[in-house]
Amino acid sequence: MIDLLPNDEQQAIADNIAEVLAAEAPVSRLRDGQAEDTDLQSRLAALGWIGMGLPEEEGGVGYGCAEEVLLFRSAGRHLLGPGLLAATLSARLAAHAGAHDIAARLVSGEAVSALFSPLETPDPIPGISGCFQRLDGDLADYGIVLTPVGAALIDNATTPGESTRGIDDAVRLDRIDLHDHPVRVWATSTDLRLDLHADLLIAATLTGIAEGARDLSVEYAKMREQFGQPIGAFQAIKHMCADMAVRCEAAWSLTVFAAMAMQDGRPDAEFQILSARTIAEDAALLNAAKTIQVHGGIGFTAECDAQLFLKRARLWSALGDRKASRLHALLDQPEPVRAASQGTAR
Amino acid sequence: MEFRFSRKDEQFRDQVRTWLTENIPSEARPSDGPESRTFDTAWQQRQHDGGWGGIAWPEAYGGRGLSLIQQLIWHEEYAHAGAPPPGCMFVGLNHGGPTLIARGSEAQKAYHIPRIIRGDAVWCQGFSEPSSGSDLASIRTRGVVDGDHLVITGQKIWTSYGDVADYQELLIRTDPDAPRHHGLAWVICDMRLPGISVQPIRTMTGTTHFSEVFYDEVRIPLTDVVGGLTEGWSVAMSTLSFERGTAMIPHQVELQRTVEELIRLAGEVPGPDGRRTAIQDDAIAARLSQVRAEVAAMRAMTYAGISRGLRQAVPGPEGSMIALYFAELYQRVQETALEVLGPLALERQGQAAAWTYRYLDGFKHTIAGGTSEIRRNVIGERVLGLPRGRS
């Protein structure tokens, strides 16, 4: 069966997630330039969202990558902070390495994790050293660090970091220097491709941002009138919106295809995921920028939500591998093989 | 959400792959003229004899009636095997034939369908006119009833394969007083009738695969009108309902093969610094990787289109998004190719010939079959619900 669309159960999950986020996390909550509500994540954890893709034995819900990308797409559209990704990756790493207590605490929301994004490639185990940008990290119990050689779960730094104003006002940002910081849980990248999983969920997040920006533009274009008609009637505006829609369709189709490749353990999973992250990032950045343009003067102001989408898209695109190195990695990938004929190993 | 082929599908894929390996012509397809017709019709005959003549056509009409998944498999295997394009068989197989199946009389179907599917008859399309391109409903070629015939006077343009076709699906105005979309007729025009003259047009690639067609009081029997004397627009629209997401598959697979071939080429030809290969240049490598990702998106979008086709009987406007994405991506890929070739891109023979041809030919993709501008309008209005501009 070839089906990139959600089945009935998946659609129900997606609808439920959307309903919850519309009530708990409307985008308007970020308008005053305040940081994300720290209670929000524990409320979402209580719904089982952190353990969405973990097996039931690990305290998860037992769904797969398909359901995870549906969750993160919706999270992206509502500009949910990086805590959900940090917790999801941390729980997955802990579960994989057999640290079940830590996994359980992360899934329940009892423990919180923060993304530690390296400014330079950190020295690997036994202790992590390097300079990091920590996101929403001041109250976290753990930190998650992704390096080219593996993924590390660390206890959060006890000394405060150097607080920095970030491009995205809704995410608390500080700089942390780690010196031979002990690692709680470690998995090498030959053992667990947590970096690929992160790329997939970020692709889904960026797609949600691209779609949120598109919808903001379309709504405005239908409502705002100039020269006696809604501005969406003018081709310049209409075509900008059309291009946003095409970018979203490309990003989401590929994100779903990549999710299925990962879920099914296909040999081209890395190829598809690197491609999806690239396409989704382009979509989010361009759509957000053009949404400001569609909104005209209002788009430039702090009261317009367009700038929230732009800043969040920039935040995600600055994390992890830079685009240039990701494109390099994609070019190194072998050509995705065509479907095998009968009798050939899958 | 699922991407898995069943055991039966895999057996089918095997069958297709085997047949294609054993039957694809070894000679190259001539680019235009009567030799291309001979090649295209012979290949269609061979496919028909092998049972592959009309894979999407209902069995009652000599087709295979394949499921959408099987059509997907056929198209993917066909393109991966490098099988020749349908060429002048395209209009009959994808437009004329399906339209007759949907709206033709029994007599029209009985006569024309077997001839199309066996490769005995070649069709072309007479829709656009010099004054009617994007605004197709403004066509002026006139058909006046005279006894048992329609007398046609006017002109058509961009008629692909007009110089080698036997029949034409011809859209004409029968009632100039009716509202624009309502006074039209879709007729089967025998291209050998007196009063028809075909003038091939040379394109910027140097080939002549389409023509202008002039009609000077051409007498077409009323029995060759399909649908009704003023039903032409609805008959023309019924053609589109046949396509449920598979049209893009061959284009997407070919583009994927093109990009992979280009990556290999970039590892062979000298790069901008004259010492290392093109792929070792960072800017070229980034562009190659970018189009690789975009082609991957194109592939996923075609599968999304198939997914929609499996769920709904009538195709929605989302197809315009895939068509638009393909057209502009194709052009970006060909531009990247010329960048890779560097000074070799100046040549139209040897290693560069196929690339420079595809680069020039690529300009048609954002124009033919619906311009990018029209496609953006369709997406804006029918996918996003934005209001139409006031005329």
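Numbered from 1 within each chain, the chains take letters A, B, ... in sequence-line order.
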Rounded to the nearest 0.5 angstrom, the CD-CZ distance for B:Glu373 and B:Arg375 is 10.5 Å
Looking at A:Phe257, is A:Arg266 sitting on its ring face, NZ or CZ under 6.0 Å from the six-membered ring centre and within 45 degrees of the normal? yes
So, A:Lys323 and A:Asp282, do they make that salt bridge, N to O below 4.0 Å? yes
Structural part of A:Val218 lying under 4.5 Å from a heavy atom of chain B: both
Contact class of B:Gln290 relative to chain A, heavy atoms under 4.5 angstrom: both
Largest heavy-atom contact set with chain B, pairs under 4.5 Å, which of A:Asp264, A:Leu254, A:Asp268: A:Leu254
So, the side chain of B:Glu2 versus the backbone of A:Asp3: is there a donor-acceptor pair under 3.5 Å, distance only? no
Using the ring of B:Phe5 (Phe, Tyr or Trp, six-membered ring only), decide whether B:Arg13 places NZ or CZ under 6.0 Å from its centre and within 45 degrees of its axis. yes
Looking at A:Lys222, A:His239, A:Gln235, which one has more heavy-atom pairs under 4.5 Å with chain B than the rest? A:His239
Measuring heavy-atom distances to chain B, does A:Leu274 have an atom under 4.5 Å in its side chain, in its backbone, in both, or in neither? neither
Proximal component of B:Leu72, with respect to chain A [non-hydrogen, under 4.5 Å]: side chain
Greatest number of non-hydrogen atom pairs under 4.5 angstrom with chain B, of A:Ile2, A:Val246, A:Leu330, falls to A:Ile2
Looking at A:Ala12, is its backbone amide N or carbonyl O close enough to the side chain of A:Asn16 to form a donor-acceptor pair, meaning the two atoms are under 3.5 Å apart? no
In terms of heavy-atom proximity below 4.5 Å to chain B, should A:Gln272 be classed as side chain, backbone, both, or neither? side chain
Which of the residues B:Met298, B:Met301, B:Gln256, B:Glu294 is involved in the greatest number of heavy-atom pairs with chain A at under 4.5 angstrom? B:Met301
Check each atom of A:Ile279 against the heavy atoms of chain B and say whether the ones under 4.5 Å are side chain, backbone, both or neither. side chain
Would you mind checking which part of B:Arg257 comes under 4.5 Å of any heavy atom in chain A, side chain (CB onward), backbone (N, CA, C, O), both or neither? neither
Salt bridge or not between B:Glu328 and B:Arg376? Use side-chain N to carboxylate O under 4.0 Å. yes
Side chain / backbone / both / neither for A:Asp215 at chain B, heavy atoms under 4.5 Å: neither
Against chain B, label A:Gln10 side chain, backbone, both or neither, depending on which of its atoms sit under 4.5 Å from a heavy atom there. side chain
Show your working on side chain to side chain donor-acceptor pair (under 3.5 Å) between B:Asp282 and A:His328 and close with a plain yes or no. CA-CA 9 Å; B:Asp282 284 339; A:His328 206 86; 5.1 Å; no
Flag the one option from A:Ser253, A:Ala259, A:Ala324 with the top tally of heavy-atom pairs under 4.5 Å to chain B. A:Ser253
Give, for atom OG1 of A:Thr291 and atom CD1 of A:Ile209, the distance between the pair rounded to the nearest 0.5 Å. 11.5 Å
Less than 4.5 Å to any heavy atom of chain B: does that hold for the side chain of A:Met1, its backbone, both, or neither? both
For the backbone of B:Arg276 and the side chain of B:Asp273, can you confirm whether one donor and one acceptor N or O come within less than 3.5 Å of each other? yes
Contact class of A:Gln263 relative to chain B, heavy atoms under 4.5 angstrom: neither
Qualifying residue for side-chain contact (heavy atoms from CB on, under 4.5 Å) with A:Leu206, from A:Glu211, A:Arg277, A:Arg73: A:Arg277
If you count heavy-atom pairs under 4.5 Å between each of A:Thr255, A:Asp243, A:Thr278 and chain B, which one has the most? A:Asp243
Contacting moiety of B:Leu384, where chain A heavy atoms sit under 4.5 Å: both
Side chain B:Ser138, main chain B:Asp135, donor-acceptor under 3.5 Å: yes
Check whether B:Ile73 gets within reach of chain A through its side chain, its backbone, both or neither, counting any heavy atom under 4.5 Å. neither
